[in-house]
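Everything below concerns the one structure shown next.
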There are 2 protein chains.
Amino acid sequence: MDELAKLANVSVSTVSRALAGSTLISTKTRERIAKLAEEHNFQLNEKARNFRLKKTNMIAVVMMVDIKSGQHISDMFFLQMLGSLADALTAQGYDLLLTHIAIEDMPTIDRSRAFRQTDGIIFIGQGNQQEHLNRLADLGKPMVVWGAELENSHYCTVGTNNELGGYLATKHLLNLGRERIAFFGDINFPEPQQRYSGYCRALQEKGLPIDKSLQHNVPFDMTHANTEIHDLMQQGLKFDAAVCSSDLIAIAAIDAFNSYGVKVPDDIALVGFDDIALAALTQPPLTTVKQNITQGGHVIVRKLLAQINGDPASDTILKTELVVRRSSGAW
Amino acid sequence: MDELAKLANVSVSTVSRALAGSTLISTKTRERIAKLAEEHNFQLNEKARNFRLKKTNMIAVVMMVDIKSGQHISDMFFLQMLGSLADALTAQGYDLLLTHIAIEDMPTIDRSRAFRQTDGIIFIGQGNQQEHLNRLADLGKPMVVWGAELENSHYCTVGTNNELGGYLATKHLLNLGRERIAFFGDINFPEPQQRYSGYCRALQEKGLPIDKSLQHNVPFDMTHANTEIHDLMQQGLKFDAAVCSSDLIAIAAIDAFNSYGVKVPDDIALVGFDDIALAALTQPPLTTVKQNITQGGHVIVRKLLAQINGDPASDTILKTELVVRRSSGAW
DNA sequence: ATGAAAGCGCTAACAT
DNA sequence: ATGTTAGCGCTTTCAT
């Protein structure tokens, strides 16, 4: 910048202002400097700028990783969300710092570079870490969490209407004449829990009892989910339909059922959750509750930037709908 | 840090050195300062540090996005790789800056913050952008590309033995008595191209002719792949096996085949590529060429850090193997 | 409309 | 073993 100033026969301040597009500088000088910068391929030093402005123009996105499985909370869904966030952030001039954190390390996340070196932080999924997330939010860091809206959370959440999703899925199966409907999803986690609430509401509305033996805490990781559902079949669990807390769980279920000669949808009708691209191409294709990922990513970024600008940000619950394909036996 | 210095009755330099663990400082003082820092919850200002050291401790990971489809080059595989890279980088004290770039923007990537604000850059997949990648490498930026090793590339590549993978897949099918083997993968891209070479070698070894009508430039995006394979079936392409350039293409193929009443593996035997977690749970489960993603991520990071430290980094071709499951009809 | 000068928080060469 | 000092490249207040 110093060199540019010499070349243009002005001071560094003028160059700085010109490059920043300040109206204090005459249009002529501004253009002259812009041209020189271009010619000499001058690149502003971002590190110095960030340092001076105490900004980073970076947002951390945290993927929590399960200790046991070593797997991401929600594979393909997560990737699509990441793409959507990357797009939305780029459009706003922010970069995306991706952080891979084991759940066990959550207590010390506020000391991590990812936390300190960014202007805001996004969590995709809150796991069962509400307490830690509350603590972080109390530190005053701009923060948005994708997932279920919770009663006593101190942070801004954006998520699908999980309760409605669970309700729609279950009602769909009930309308098709299924009566013993299993629920596969870990209700110790907020999102599956809300989906389970919707499941219960649909049953109650129909005057059916809630049979707790039909709910199973199947994990999100598809390999482990598969093992778990195998075990259930082994134990002789009887049911004619299942609501799954993710599409990958549904896929894991189809495989487990096949091992026991149980056909989807004839013997067991299935509904998934997410509507990832894969859902349309499984055998059979999945009836599933759609989460609007693109919209979700954009809303998350909007809420986060609002906070960075000092504005309050309210929770958002996105609309959802059922996508009917063959796995539920509707046709 | 100024405050800490006052509290400890030493100079800032002493604090700086103590916190950096310099042996110049007596153990006693060092411990005293460490304790004070802890007590007062002192956090070193990374922005200032990075500025001063002209380092960022950040590595950019670029995901190229296809203009046409708006889809990532290779969904699930990509996510697993991302996780592996995030782990390896974190272990080395680096953060991961994720960049989502449309292929059309490759010409200007060297002006992006992602490029200028990081100590190194990783590309997952080189698409057909070899020229641009060469140009970037010539700029002297530490850089590693996951993908095929190419004759005239100026950059360091790490990748699977694609040729061998294609060979193993094809030979496996030939050994099972299949003779009209299709190849699904876009050979305008280096990796599918090398896999196709292996395919050709296996056929030639067996004394069979290369029938170009059996090779089709099916895209990586599974939805588009599905459409494409539908078309091929419609056109009445006759074959009894297929080597697919990714597991997702294989899954898309199974769905397309099912629409025409064609059964896998009875009517058509199938081999995929990647061995993503999903491959074991599709219907039928996929025989596939395994890419060792975890190892790949670690090697990429090692090669990149070598470059950052000024050492030369050579290309690496990782071992690969065939994982046999039901889709190839071996049992 | 432009320039001079201070300073962001840290590190490191140089001095003691 | 510790302190003094300069300076990284930029923005911005204050002066002109």
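Letters go in sequence order (proteins before strands), and every chain restarts at 1.
A donor-acceptor contact shorter than 3.5 Å is absent between the side chain of B:Asn162 and the backbone of B:Glu191. Of the possible polar contacts, one joining the B:Thr90 side chain to the B:Ala86 backbone as a donor-acceptor pair under 3.5 Å is found.
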For every nucleotide of nucleotides 10-16 of chain D, 5' to 3': is a protein heavy atom under 4.0 Å from its base (B), only from its sugar-phosphate (S), or from neither (-)? BBBB---
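Checking A:Gln117 against B:Asn50 by side-chain atom types alone, a donor-acceptor pair falls below 3.5 Å. When only modelled atom types and interatomic distance are considered, A:Ser13 and A:Ser16 share no side-chain donor-acceptor pair under 3.5 Å. Looking only at atom types and distance, the side chain of B:Asp274 has no donor-acceptor partner in the side chain of B:Gln80 under 3.5 Å away.
Regarding B:Ile25, its CD1 atom lies at a distance of 12 Å from the P atom of C:dT11, rounded to whole Å. Put simply, CG on A:Asn9 is 12 Å from P on C:dA4, counting in whole angstrom units. Between A:Leu19 atom CG and C:dT2 atom C1' the separation is 16 Å, expressed in whole Å. Rounded to an integer number of Å, the gap from CD of B:Glu3 to P of C:dC10 is 11 Å. Rounded to whole angstrom, the span from the CZ atom of A:Arg116 across to the C1' atom of C:dC10 amounts to 13 Å. We find that CD of A:Gln117 is positioned 14 Å from C1' of C:dG9, with the value rounded to whole Å. If you take CG of B:Asn57 and C1' of C:dT11, they are 15 Å apart, rounded to a whole angstrom.
Both stacking criteria are satisfied for B:Phe51 over the base of D:dC8: a centre-to-centre distance under 5.5 angstrom and an angle between ring planes under 30 degrees.
Salt bridge status for A:Asp119 with A:Lys141: absent, with no side-chain N to carboxylate O gap under 4.0 Å. A salt bridge between B:Lys35 and B:Glu31 is absent, with no side-chain N of the basic residue lying under 4.0 Å from a carboxylate O of the acidic one. Ion pair A:Lys303/A:Asp315 not flagged as a salt bridge, since none of the NZ, NE, NH1 or NH2 atoms sits closer than 4.0 Å to an Asp/Glu carboxylate oxygen.
When heavy atoms are screened at a 4.0 angstrom cut-off, B:Lys54 is found touching the sugar-phosphate backbone but no base atom.
Relative ring orientation between B:Trp146 and B:Phe77 is described as tilted, the plane-to-plane angle lying within the 30° to 60° band.
A heavy atom closer than 4.0 Å to some atom of DNA chain D occurs in B:Ser26, B:Thr29, these being the qualifying members of residues 26-36 of chain B.
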